Amino acid sequence: MIEISISKLNKNFGFKKIFDEFNLDISSGERIGLIGDNGCGKTTLFKMIMKKETPDSGSISIRKNAKIGYLSQIPFTNVKETTVRDYLRSQFSKILMLEEEMKNLEQQMANCNDAELPKILNRFGQIQQRFIDSDGYLIESKIDEICNKFNINADLLTHDISTLSGGEKTMINLAAIMLCNPDILILDEPTNNLDINTLEWLENYLSSYKGTIIMSSHDRYFLDKVATKIVLIERGKAEIFYGNYSYYLQENERRVLSEFEQYKDQQKMIDAMKRKIKQLQEFGRLASPSGESFFKRAASIQKRLDKLELILKPEEKKELPLNFQMNSRSGKQVLIIDGLSLNIEDKILLKDINTNIYYQDRVCLMGKNGTGKSTLIKYIIDKYNNIDFQDKILKIGSNVSIGYIPQTIDFEDNNETILEVARKYFNGTETNLRSALAKFMFNGDNVFKRVGDLSGGEKVRLKLFELMQTSINFLIMDEPTNHIDITTKEVLESALKEFPGTILFISHDRYFINELAKKILYIENKNIVEYLGNYDDYKNQMVKKLSFSSKNNNDFKTRGRK
């Protein structure tokens, strides 16, 4: 059954065409991952389905009586001074109005005379029946049930929504949507601000959801786990792939190669037709005045050429030339931590931790939010920047030169342009500087953009350009993939794989960790546990550890009974 049918959709914003004869059918039970570069129209499409935005032309048809739940990127923009419980209760506003009317009628019955009572009783009976038919007496049990499913504890229910973290707001909003039992879920970046444990829970929840899902996400691991169909928005049209994200990657590469061959063949044919037209016209001029037949044949070929549907040249995969000027490598031992403890005021984050990082290690620092990952990174950077630094507990190896990309990238003056910031670090002519910036996707007039107006991905690229001009051999990054689109992530991954030095990074992006990490340092119970491999390797080791622990506990209980 078709839940949503989108036909010949067109939408322009100024001079930018977002959708160009866009077509898409969404069937019952499908879990669609919507992908594409930032600005391709994913959120716009969601808004048009929800009738918050209107298309210039085309149609969007939704199955009659289908209930849609919409999770926007920025929840609770109009909710103020409301507790979580009250917000969840507000999803039953129509039923609660019936409850309020019942209370008013009860007051009227208490104060009315005998003549008025039958009429009020009759009205009360009608309203109460509607309340019962709407499961009004089950509201609290439904809220308790959804809170159990979403791990929303009793304490959180009393909190004001404005005080919640971004991840908590996302989960509360989704819980509220699910209270209404939607047939179709529209999720705009549902993975934003969620830690890995919550992400894994959400993946399991959505994978078992019986309705239809259409979602946009920059989290490729999430798309791999949840999506059964990928829709790529490219040049205003939909390219459909019947599988998850990994399937899309393989098939899209084949598609691009095939389209490129078709493009080359058509260009050869067009060139041959143009040469033939030119030749026939020349013959016509030489044979004048009896050369009319040559001109007619040339005109016939030109008509065929004019009617030809042109194949657009596929966009080439973007790459970053991450040629770091690594004049000298570091020693074998890059970072030695021996018995380090870290506190924030009275809170102990890390206690007597020990770990070593060696030359060309690719290390991901992981752990739940608030366990001290960023604090440890900043401590390392502070020690490195202290010229007189001498510390037996934290030692930075010989000839180590650190480049640092913080979680929030700031520049000295937000009014400076990309060109002005880049010039401070680049040794060469203006022409060479513009050429170098173009390789980092800062082309043409883009270089005059204020750094204060840059997106997350642009800031990361500019920071990498800055570091590339210096002789660093130890790159430290704190959540480098936050707020950047999939294309930029893939470009960044490809570039970082070529970095010849050592990398230490924090990330919640499991796909990024899988692509880059060779070692996991996991912060748990104020300690650091080392796991060799990437994220999937770490998960497999955790499963084995839990299985072994469970088996030992069962053996112990069995021996105890004997």
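Bear in mind the structure is a predicted one, so any value in this text is a computation, not a measurement.
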Worksheet item: Are any of the side-chain heavy atoms of F505 and I513 separated by less than 4.5 Å?
Response: yes
Item to complete: Can you establish whether the number of heavy atoms outside K424 located under 6.0 Å from its atom NZ is more than 12?
Response: yes
Fill in: Residue pairs passing the side chain to side chain donor-acceptor pair (under 3.5 Å) test where at least one lies in residues 441-455, sequence neighbours excluded
N415-R450, K449-E458, R450-D453, S455-E458
Worksheet item: Is the backbone N or O of E189 less than 3.5 Å from a side-chain atom of S216, with the two atoms forming a donor-acceptor pair by type?
Response: yes
Worksheet item: So, do T43 and S72 sit near enough that their side-chain heavy atoms are less than 4.5 Å apart?
Response: no
Worksheet entry | K313 bridged to E259 by N-O distance under 4.0 Å | no
Item to complete: Report the distance from atom CZ of R423 to atom OG1 of T417, rounding to the nearest 0.5 Å.
Response: 7.0 Å
Discussion item. If you apply the rule side chain to side chain donor-acceptor pair (under 3.5 Å), what do you find for T83 with D86, and how did you get there?
Written reply: CA-CA 5 Å; T83 66; D86 285 343; 3.3 Å; yes
Worksheet item: Rounded to the nearest 0.5 Å, how far does CD1 of I405 lie from CG of D478?
Response: 10.5 Å
Which atom pairs, donor and acceptor, lie under 3.5 Å between side-chain atoms of residues 217-227 and protein residues at least two apart or in another chain?
{"residue": "S217", "atom": "OG", "partner": "T191", "partner atom": "OG1", "Å": "3.3"}
{"residue": "S217", "atom": "OG", "partner": "D219", "partner atom": "N", "Å": "2.9"}
{"residue": "H218", "atom": "NE2", "partner": "N38", "partner atom": "OD1", "Å": "3.3"}
{"residue": "D219", "atom": "OD1", "partner": "Y221", "partner atom": "N", "Å": "3.1"}
{"residue": "D219", "atom": "OD1", "partner": "F222", "partner atom": "N", "Å": "2.9"}
{"residue": "R220", "atom": "NH1", "partner": "E493", "partner atom": "OE1", "Å": "3.0"}
{"residue": "R220", "atom": "NH1", "partner": "E493", "partner atom": "OE2", "Å": "2.9"}
{"residue": "R220", "atom": "NH2", "partner": "E493", "partner atom": "OE2", "Å": "2.4"}
{"residue": "Y221", "atom": "OH", "partner": "D536", "partner atom": "OD1", "Å": "2.7"}
{"residue": "D224", "atom": "OD1", "partner": "N244", "partner atom": "ND2", "Å": "3.3"}
{"residue": "D224", "atom": "OD1", "partner": "Y245", "partner atom": "N", "Å": "3.1"}
{"residue": "D224", "atom": "OD1", "partner": "S246", "partner atom": "N", "Å": "2.8"}
{"residue": "D224", "atom": "OD1", "partner": "S246", "partner atom": "OG", "Å": "3.1"}
{"residue": "D224", "atom": "OD2", "partner": "S246", "partner atom": "OG", "Å": "2.6"}

Discussion item. Tell me whether R510 is salt-bridged to E203, with the criterion being a basic N under 4.0 Å from an acidic carboxylate O.
Written reply: yes
Item to complete: Taking side-chain hydrogen bond (donor to acceptor under 3.5 Å, both in side chains) as the test, write out the residues that go with N432, two or more places apart.
Response: T429
Worksheet item: Taking only residues two or more places apart in sequence, or in another chain, which ones meet K539 in a salt bridge (Lys or Arg N to Asp or Glu O under 4.0 Å)?
Response: E200
Discussion item. Under 6.0 Å between ring centres: does that hold for F465 and F442?
Written reply: no
Worksheet item: Does the side chain of I4 come within less than 4.5 Å of T212's, by heavy atoms?
Response: no
Worksheet entry | Side chains of D160 and T163, donor plus acceptor under 3.5 Å | no
Discussion item. Applying ring pair (Phe, Tyr, Trp, His ring centres under 6.0 Å) as the test, list every pair that has at least one member in residues 403-436; sequence neighbours left out.
Written reply: none
Worksheet item: Can you list the residues that meet the side-chain hydrogen bond (donor to acceptor under 3.5 Å, both in side chains) rule with E145, with sequence neighbours excluded?
Response: none
Discussion item. Side chains of Q262 and S258 only: does a donor on one sit below 3.5 Å from an acceptor on the other?
Written reply: yes
Item to complete: Check the pair I35, Y248 against side chain to side chain contact (heavy atoms under 4.5 Å, CB included), reporting the backbone distance first and the verdict last.
Response: CA-CA 10 Å; I35 64 172; Y248 148 76; 3.5 Å; yes
Worksheet, complete the sentence: Sorted by chain and residue number, the side-chain hydrogen bond (donor to acceptor under 3.5 Å, both in side chains) partners of T488 (sequence neighbours excluded) come out as D485
Fill in: E30 side chain reached by I213 side chain, heavy atoms, under 4.5 Å
no
Fill in: Min side-chain heavy-atom separation I152-M171 under 4.5 Å
no
Discussion item. Looking at E412, I want to see if its CD is surrounded by more than 12 non-hydrogen atoms of other residues, nucleotides or ligands under 6.0 Å.
Written reply: no
Item to complete: Evaluate the criterion side chain to side chain contact (heavy atoms under 4.5 Å, CB included) for residue pair E239 and V231; output intermediate values, then yes/no.
Response: CA-CA 6 Å; E239 290 287 345; V231 176; over 6 Å; no
What side-chain donor-acceptor pairs closer than 3.5 Å can you find for residues 263-273, not counting sequence neighbours?
{"residue": "K264", "atom": "NZ", "partner": "E261", "partner atom": "OE2", "Å": "3.4"}
{"residue": "Q266", "atom": "OE1", "partner": "I311", "partner atom": "N", "Å": "2.8"}
{"residue": "Q266", "atom": "NE2", "partner": "E309", "partner atom": "O", "Å": "2.9"}

Item to complete: Kindly write out the residues that satisfy ring pair (Phe, Tyr, Trp, His ring centres under 6.0 Å) with F294, not counting sequence neighbours, or none if the list is empty.
Response: F283
Worksheet entry | Electrostatic pair D509-K489, nearest N-O below 4.0 angstrom | yes
Fill in: Listed once per pair and sorted, the salt bridge (charged side-chain N to carboxylate O under 4.0 Å, His left out) pairs that draw on residues 173-188, sequence neighbours left out
R63-D183
Discussion item. Is there a side chain to side chain contact (heavy atoms under 4.5 Å, CB included) between F241 and N252? Walk through the geometry before answering.
Written reply: CA-CA 8 Å; F241 302 84; N252 190 49; 3.6 Å; yes
Fill in: Interatomic distance, H159 atom NE2 to T82 atom OG1 [nearest 0.5 angstrom]
15.0 Å
Item to complete: Using a cut-off of 6.0 Å, state whether more than 12 heavy atoms not belonging to M50 lie near its atom CE.
Response: yes
Discussion item. Among residues at least two apart in sequence or on other chains, which ones pass salt bridge (Lys or Arg N to Asp or Glu O under 4.0 Å) with R31?
Written reply: none
Can I get a per-line list of side-chain donor-acceptor pairs under 3.5 Å for residues 15-29, giving both atom names and the distance, sequence neighbours left out?
{"residue": "K16", "atom": "NZ", "partner": "G39", "partner atom": "O", "Å": "3.3"}
{"residue": "E21", "atom": "OE2", "partner": "N10", "partner atom": "ND2", "Å": "2.8"}
{"residue": "N23", "atom": "OD1", "partner": "K8", "partner atom": "N", "Å": "2.7"}
{"residue": "N23", "atom": "ND2", "partner": "E21", "partner atom": "O", "Å": "3.1"}
{"residue": "D25", "atom": "OD1", "partner": "S5", "partner atom": "OG", "Å": "2.8"}
{"residue": "S28", "atom": "OG", "partner": "M1", "partner atom": "O", "Å": "3.2"}
{"residue": "S28", "atom": "OG", "partner": "E3", "partner atom": "OE2", "Å": "2.7"}

Worksheet entry | F46 CZ to I214 CD1 distance, which is reported to the nearest 0.5 Å | 5.0 Å
Item to complete: Could you tell me whether the side chain of M477 reaches within less than 4.5 Å of the side chain of L475, counting heavy atoms only?
Response: yes
Worksheet, complete the sentence: Rounded to the nearest 0.5 Å, the CG atom of L516 sits from the CZ atom of F499 at a distance of 10.5 Å
Worksheet item: Are N173 and T170 linked by a side-chain donor-acceptor pair shorter than 3.5 Å?
Response: no
Discussion item. If you count heavy atoms of other groups shown closer than 6.0 angstrom to OH of Y242, is the number above 12?
Written reply: no
Worksheet item: Does atom CD of E292 have more than 12 heavy-atom neighbours, drawn from other residues, nucleotides or ligands, at distances under 6.0 Å?
Response: no
Discussion item. So for atom CZ, which belongs to R130, do other residues, nucleotides or ligands contribute more than 12 heavy atoms lying within a distance under 6.0 Å?
Written reply: no
Discussion item. Do L179 and F92 make a side-chain contact, defined as non-hydrogen atoms from C-beta onward lying under 4.5 Å apart?
Written reply: yes
Worksheet item: Looking only at atom types and distance, does a side-chain atom of R85 sit under 3.5 Å from a main-chain N or O of L157, one as donor and one as acceptor?
Response: no
Discussion item. Can you confirm whether Q407 sits close enough to N482 that some side-chain heavy atom of one is under 4.5 Å from a side-chain heavy atom of the other?
Written reply: yes
Discussion item. Quick check for you: to the nearest 0.5 Å, what is the distance between I230 atom CD1 and T228 atom OG1?
Written reply: 8.5 Å
Worksheet item: Is the count of non-hydrogen atoms from other residues, nucleotides or ligands lying under 6.0 Å from K378 atom NZ greater than 12?
Response: no
